[in-house]
Amino acid sequence: MRRRSLLLSVPAGLVTLAACGNDKADSSKASDSASPSAAAPSAAPSPKIVSGPLPAITAGTKFGEKPTVAKGSGAPSKDLAVKTVIAGGGRTVAENDYIQANYLGQVWATAKVFDNSYDRRTPLVIQLSRGSIIDGWRYGLVGKKVGSRVEMAVPPTWGYGPQGNTQAGIKGTDTLVFVVDIENSFNAKSSAKGKDVPQNNADLPKVGTNTDGAAPSIDVPKAAAPKNLVAEYVIEGDGPVVKAENSVLVQYKGVLWDTGKEFDSTYKRHALTSFSLQQVVKGWAQGLTGKKVGSRVLIVIPPSLGYGDNPPPNSGIKKDSVLVFSVDILAAM
């Protein structure tokens, strides 16, 4: 079973996409993690951010390389120490953005590494929001640019608190050292990036190809709905292929085939969402598996792979509805 990040909170399932009666184990996977997520909003005050002290990075000094970090020397600061080791030139990260990052974390006093994503070969994708991530990251990474390597020394107040984390060997008095390579960031205006794919089938909905962060149009034809699942590129990205066991970060819009009426949209909520493909209706899981990150995908879901005769209450979806989605796959993890 793939080991989950120490820092990651299990994302909330989408009301309109959650598979009815599906208790597959993204939640059970959480038990593999040696460390708790930041499950409850912190009551800690905003930290003073200082430039050090910070231990030296002695090997793996390039962006994207797994770093080796020396043991902390002397007493760590009681404030949050943050240093940009390598300055990137990408967009500036803001609070509530999602970031995609590789990282290593170790204990200041012992240099014991308690977690790193480099060995998993899968970067972390997580939102820099209160309650989703430890406060040291939330305060330390906001304002940094994509492409940057950032080193931080996080006191317990903005880490795991006085309880520490026994599974990870983190005591309630431990200051934690992180090296973070910020690969990408996403916000409510993020869109697919790639090449437009011709939409020549007149019997299928046409999806807009705008990439300005606004919701794309979905024009449903006056024709009989397909009886089988449809999953086709509207914009084809060049990222890695999504696997069935992945979680994905997406923008999406959903309409009903019969009426064209919108019933759900991240664009309207002004908020991206992430979820495991094992926790959504089969049409989403099958439709996104095998597609490339960065893509916009048209998915037409027949009732047998959607909600059938048991749609979510108050969703605006009737029994045996055919569902049409435009989905921008921003990241997979």
Side-chain angles (χ1 to χ4, degrees), residues 7-18 37-38 41 88-101 123-133 135 137-148 180 182-194 196 207-218 234-237 239 242 246-255 261-277 279-280 284 287-288 291-299 315-316 323-333:
L7 299 171
L8 186 62
S9 292
V10 178
L14 298 176
V15 173
T16 59
L17 294 178
S37 62
R91 67 179 296 268
T92 300
V93 175
E95 186 164 8
N96 295 317
D97 282 0
Y98 283 81
I99 61 165
Q100 178 174 298
L124 172 69
V125 178
I126 198 165
Q127 190 175 22
L128 294 181
S129 63
R130 188 179 182 193
S132 295
I133 192 78
D135 281 341
W137 276 52
R138 186 164 68 91
Y139 289 111
L141 297 181
V142 165
K144 304 303 182 186
K145 291 183 180 293
V146 170
S148 296
V180 183
I182 307 172
E183 295 185 348
N184 210 339
S185 69
F186 310 93
N187 61 24
K189 292 292 187 181
S190 295
S191 291
K193 293 181 180 179
D196 293 358
V207 178
T209 57
N210 59 293
T211 56
D212 56 359
S217 58
I218 302 178
V234 175
I235 298 172
E236 185 174 357
V242 175
N246 283 161
S247 293
V248 289
L249 177 68
V250 297
Q251 288 265 39
Y252 73 91
K253 174 181 172 180
V255 304
K261 182 180 179 182
E262 181 180 307
F263 60 85
D264 196 13
S265 170
T266 56
Y267 301 95
K268 262 189 181 172
R269 293 194 295 272
H270 304 289
L272 306 179
T273 194
S274 64
F275 52 83
S276 167
L277 290 184
Q279 292 183 314
V280 291
W284 264 69
L288 294 183
K291 296 296 189 286
K292 298 175 186 176
V293 171
S295 300
R296 177 170 296 166
V297 182
L298 164 69
I299 307 179
S315 65
L323 309 178
V324 181
F325 289 95
S326 169
V327 185
D328 284 15
I329 309 170
L330 303 178
M333 53 280 198

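Nothing fancy with the numbering, it's 1 onward along the sequence. Note that the coordinates shown come from a computational prediction; the quantities given were computed from them, not determined experimentally.
- Between Ser132 atom OG and Ile126 atom CD1 the span is 6.5 Å, to the nearest 0.5 Å.
- Heavy atoms only, all atoms of each residue included: Ile329 and Val248 are closest at CG2-CG1, 4.4 Å.
- Rounded to the nearest 0.5 angstrom, Asn187 CG and Tyr98 OH are separated by 11.5 Å.
- For the pair Arg296 (side chain) and Thr211 (backbone), a donor-acceptor distance under 3.5 Å is absent.
- Between Ala332 and Asn246, the closest heavy-atom pair is CB-OD1, 3.9 Å.
- By the 4.5 Å heavy-atom criterion applied to side chains, Asn96 and Gln127 are counted as neighbours.
- Rounding to the nearest 0.5 Å gives a distance of 10.0 Å between CG of Leu124 and CD of Glu183.
- Here the shortest heavy-atom pairing between Ala215 and Asn210 reads O-ND2, 4.0 Å.
- Judged by distance alone, with hydrogens and angles left aside, the side-chain atoms of Ser191 form a donor-acceptor pair with the main-chain N or O of Gly213 at under 3.5 Å.
- Of all heavy-atom pairs between Ser185 and Ser190, the closest is O-OG, 4.5 Å.
- At least one side-chain heavy atom of Leu277 sits under 4.5 Å from a side-chain heavy atom of Phe275.
- Between Ile218 and Phe325, the closest side-chain pair of non-hydrogen atoms is not below 4.5 Å.
- Ile182 and Lys145 get closest at one heavy-atom pair: CD1-O, 4.2 Å.
- Nearest heavy atoms, Ser295 versus Ala192: C-CB, 3.7 Å.
- The salt bridge (Lys or Arg N to Asp or Glu O under 4.0 Å) test with Asp97 is passed by exactly one of Lys144, Arg138, Lys189, Arg91: Arg91.
- Proximity of a side-chain donor or acceptor of Ser148 to a complementary backbone N or O of Gly88 within less than 3.5 Å is detected.
- Here the straight-line distance linking atom OG of Ser265 with atom CD of Gln251 works out to 7.5 Å at 0.5 Å rounding.
- You'll find the side chain of Trp284 stays beyond 4.5 Å of the side chain of Leu323, heavy atoms only.
- For Lys253, the side-chain hydrogen bond (donor to acceptor under 3.5 Å, both in side chains) criterion is met by no residue, not counting sequence neighbours.
- Applying the side-chain contact (heavy atoms from CB on, under 4.5 Å) criterion to Asn184, with sequence neighbours excluded, gives Gln100, Phe186.
- In this structure, CD1 on Ile133 lies 7.0 Å from CD1 on Ile99, to the nearest 0.5 angstrom.
- Taken from CG in Leu272 to CG in Asp328, the straight-line distance is 10.0 Å, to the nearest 0.5 Å.
- In this structure the side chain of Tyr252 never reaches within 4.5 angstrom of the side chain of Ile299, judged on heavy atoms.
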